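One structure is given here, and the rest of the page talks about it.
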Amino acid sequence: MRNLSISGKRVRKLKASVMIVVLLLAACSTGVMTDDSSEKVTLTMWFWRGSGFEKIIPEFEKAHPNIDIQPQIMRFDDAHSKLFTTLSAGSGAPDIAMVDISQLDSFLQYPGMFYNLNDFGAPSIKNRYLDWKWNQAVRGDHVVGLPTDIGPTVMYYRKDLFEKAGLPTEPDEVTKRIQTWEDYIEAGIQLKRETGKYMISSPWHFFMAVRDQGDHPYFNRKNQLVLGTDPQTKKAWNLMIEVKEKEIAGTYGDGTPEEGAALNKGDVSTVLSAAWKKGHIESNAPDAKGKWRAALMPEGTANMAGSFLTLPKQGKHPEEAYQAIQWLLAPEQQLDIFEDEGNFPSTPSVYDDPAIHDTSYEYWGGQKMGRLFAKAAKRAKANYMGPEYRAVDSLVEEQIDLIIHSDKDPKQAWKDLLERVQNQLKRG
């Protein structure tokens, strides 16, 4: 439970309500408002559950009585596949479309299918957002989307298990003790020896955490394959093999009931993931309340997930759509969504707000998690994924899965991986 003051949120709501009244009175006095509903603009907006927009859209509509937003909440994969289909067909796309960073580069191959937000004044609000986040949606002089939340990575850990293993237990002490991945593996060996518990749920999860600290795990910015030569990705692979051989990782699939049960029972001691994973841990490990903490990630912060709101050119009302997204993604609204959903803002101006800076969380032993996430966010860097990222990533996961569950020889798995990726890219 968060210890929120009458808080920021209520004050912001009150200020917003006052502003709405002022706007409405001004509109009435100038004769702008009308009972003729035909003058209203209706915007369609696609996004997926957990984004939080459905909760703040009514506030936008109150402040902008001439604009209605019709939300369509889809499954994550469906939102992207349907957008690609409609853009390819030339019709059916929404006025506003949410696009995840893992999919963004596929759409950035065709920036002309989206309105350039520079034409609507995007440069004037660029300073609202973290530079690295803003730049992810820029190609040349074309700004395709405005940033939603971000996923700065941290190391969640079980304080009780660390204590039993003789490891530090306070976040700052843990950060000092586990500064490198070699430190992490040594701590995992000690923890397994003293408690019999795993350091992490799977070698795959470890691989992802290390890989994402690089600049371009699979493709460079010219979309040339670098999987076989990128030093960070190869480092992640080699350390992942060591993690498996040292038997400090479990075999739990990401997001599976088995993983949730392991987190709840205390069979897994750390989770290397993004700020949004906090809510997942709370939901899946209710019996571990008070036992989890979080510290900075060894060797630097990566970004995991996060999205953008884009305006497909098939939309008929781009000015109103831009007006909507710049309001929905303003610092105040991102802070509201953080309080409701836990999605961490990409707008650093709110990082000192009490809702982030001073809120303590009972589940996390009173730790002020927002301070840690803010520190990680400022240190984060974003790697380049490329249009074929997901296709290659599925092949990487397939080979690691064979190593984990079938004891496939890692050298053969690496060789097979490179061969299969090349064949995949040739087939297109």
Side-chain angles (χ1 to χ4, degrees), residues 43-48 51 53 69 71-72 74 76-151 215-216 219-223 303-330 333-334 343 345-347 380-390:
L43 305 174
T44 54
M45 179 176 175
W46 294 357
F47 55 94
W48 49 89
S51 306
F53 294 120
I69 298 178
Q72 296 184 29
M74 304 179 174
F76 178 89
D77 287 333
D78 292 343
H80 295 98
S81 61
K82 189 173 182 181
L83 179 61
F84 187 83
T85 298
T86 55
L87 291 177
S88 300
S91 64
D95 295 284
I96 302 170
M98 190 173 181
V99 177
D100 185 73
I101 185 57
S102 65
Q103 309 274 349
L104 184 64
D105 288 329
S106 296
F107 291 101
L108 284 176
Q109 293 181 98
Y110 315 103
M113 289 188 172
F114 299 87
Y115 286 105
N116 185 350
L117 302 188
N118 279 334
D119 296 337
F120 303 99
S124 68
I125 62 171
K126 177 181 178 181
N127 290 338
R128 288 180 176 179
Y129 305 97
L130 293 161
D131 283 343
W132 62 263
K133 176 68 174 180
W134 178 272
N135 291 332
Q136 286 181 309
V138 177
R139 286 297 179 273
D141 62 353
H142 204 111
V143 176
V144 170
L146 295 186
T148 67
D149 61 310
I150 55 175
D215 294 322
H216 34 56
F219 297 92
N220 62 23
R221 294 187 179 275
K222 296 180 180 179
N223 291 324
N303 180 67
M304 185 182 294
S307 306
F308 292 82
L309 291 183
T310 68
L311 307 184
K313 270 199 176 174
Q314 292 174 22
K316 303 301 182 186
H317 307 287
E319 282 114 3
E320 290 84 358
Y322 178 76
Q323 191 176 8
I325 65 172
Q326 66 87 22
W327 187 94
L328 293 170
L329 298 176
Q333 279 66 256
Q334 290 212 23
N343 300 343
S346 57
T347 50
K381 67 175 183 178
N383 54 39
Y384 178 75
M385 293 184 173
E388 300 296 330
Y389 175 86
R390 292 198 80 199

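These numbers were taken from a predicted model, which means no experiment stands behind them.
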Reported [atom1]-to-[atom2] distance for the pair [X] and [Y], which is rounded to 0.5 angstrom:
| X | Y | atom1 | atom2 | answer |
| --- | --- | --- | --- | --- |
| W132 | S346 | CH2 | OG | 8.0 Å |
| Q103 | F107 | CD | CZ | 6.5 Å |
| M98 | L328 | CE | CG | 11.0 Å |
| L309 | W46 | CG | CH2 | 14.0 Å |
| W327 | Q333 | CH2 | CD | 4.0 Å |
| I325 | M45 | CD1 | CE | 8.5 Å |

message = Does atom CZ (F84) have a neighbourhood of more than 12 heavy atoms from anything else shown, all under 6.0 Å?
response =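 Not buried by this count: 12 neighbours or fewer within 6.0 Å.
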For the residue pair [X] and [Y], establish whether any side-chain heavy-atom pair is separated by less than 4.5 Å.
| X | Y | value |
| --- | --- | --- |
| M385 | F219 | no |
| P318 | D95 | no |
| L130 | I150 | yes |
| F53 | I69 | no |
| Y389 | H216 | no |
| Y129 | L329 | yes |

When you measure from the side chain of [X] to the backbone of [Y], do you find a donor-acceptor pair of N or O atoms at a distance under 3.5 Å?
| X | Y | result |
| --- | --- | --- |
| T310 | V144 | no |
| N116 | D141 | yes |
| Q314 | G92 | yes |
| Q109 | S106 | yes |
| T347 | R128 | no |
| D78 | M74 | no |

Any idea which heavy atoms bring [X] and [Y] closest together, and the distance?
| X | Y | value |
| --- | --- | --- |
| P312 | L83 | CG-CD1, 4.1 Å |
| P147 | W134 | CD-CE3, 4.0 Å |
| Q136 | L108 | O-CD1, 3.6 Å |
| S51 | N343 | O-ND2, 3.6 Å |
| G151 | N303 | N-OD1, 2.8 Å |
| L43 | A321 | CD1-CA, 3.7 Å |

message = Any donor-acceptor pair under 3.5 Å linking the side-chain atoms of T44 with those of Q72?
response =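 No, T44 and Q72 have no side-chain donor paired with an acceptor closer than 3.5 Å.
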Quiz item: cation-pi between K133 and F308, 6.0 Å / 45° = yes
inquiry  = Angle between ring planes, Y322 versus F120, binned at 30° and 60°: parallel, tilted or perpendicular?
reply    = parallel
task = Just do the salt bridge (Lys or Arg N to Asp or Glu O under 4.0 Å) check on R221 and D215 with the steps written out, would you?
result = CA-CA 10 Å; R221 294 187 179 275; D215 294 322; over 6 Å; no
ask   = When L117 is tested against each of V138, I125, V143 for side-chain contact (heavy atoms from CB on, under 4.5 Å), which residue passes?
value =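 Between L117 and the candidates, side-chain contact (heavy atoms from CB on, under 4.5 Å) is satisfied uniquely by V143.
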key: Residues D77, R390; criterion salt bridge (Lys or Arg N to Asp or Glu O under 4.0 Å); working and verdict   = CA-CA 12 Å; D77 287 333; R390 292 198 80 199; 3.4 Å; yes
task = Mind running side chain to side chain contact (heavy atoms under 4.5 Å, CB included) on S88 and Y110 for me, showing each step along the way?
result = CA-CA 10 Å; S88 300; Y110 315 103; over 6 Å; no
message = Test salt bridge (Lys or Arg N to Asp or Glu O under 4.0 Å) on R139 and D105; report intermediate values, then the result.
response = CA-CA 10 Å; R139 286 297 179 273; D105 288 329; 2.6 Å; yes
Near-ring test W48/H80, centroid separation under 6.0 angstrom = yes
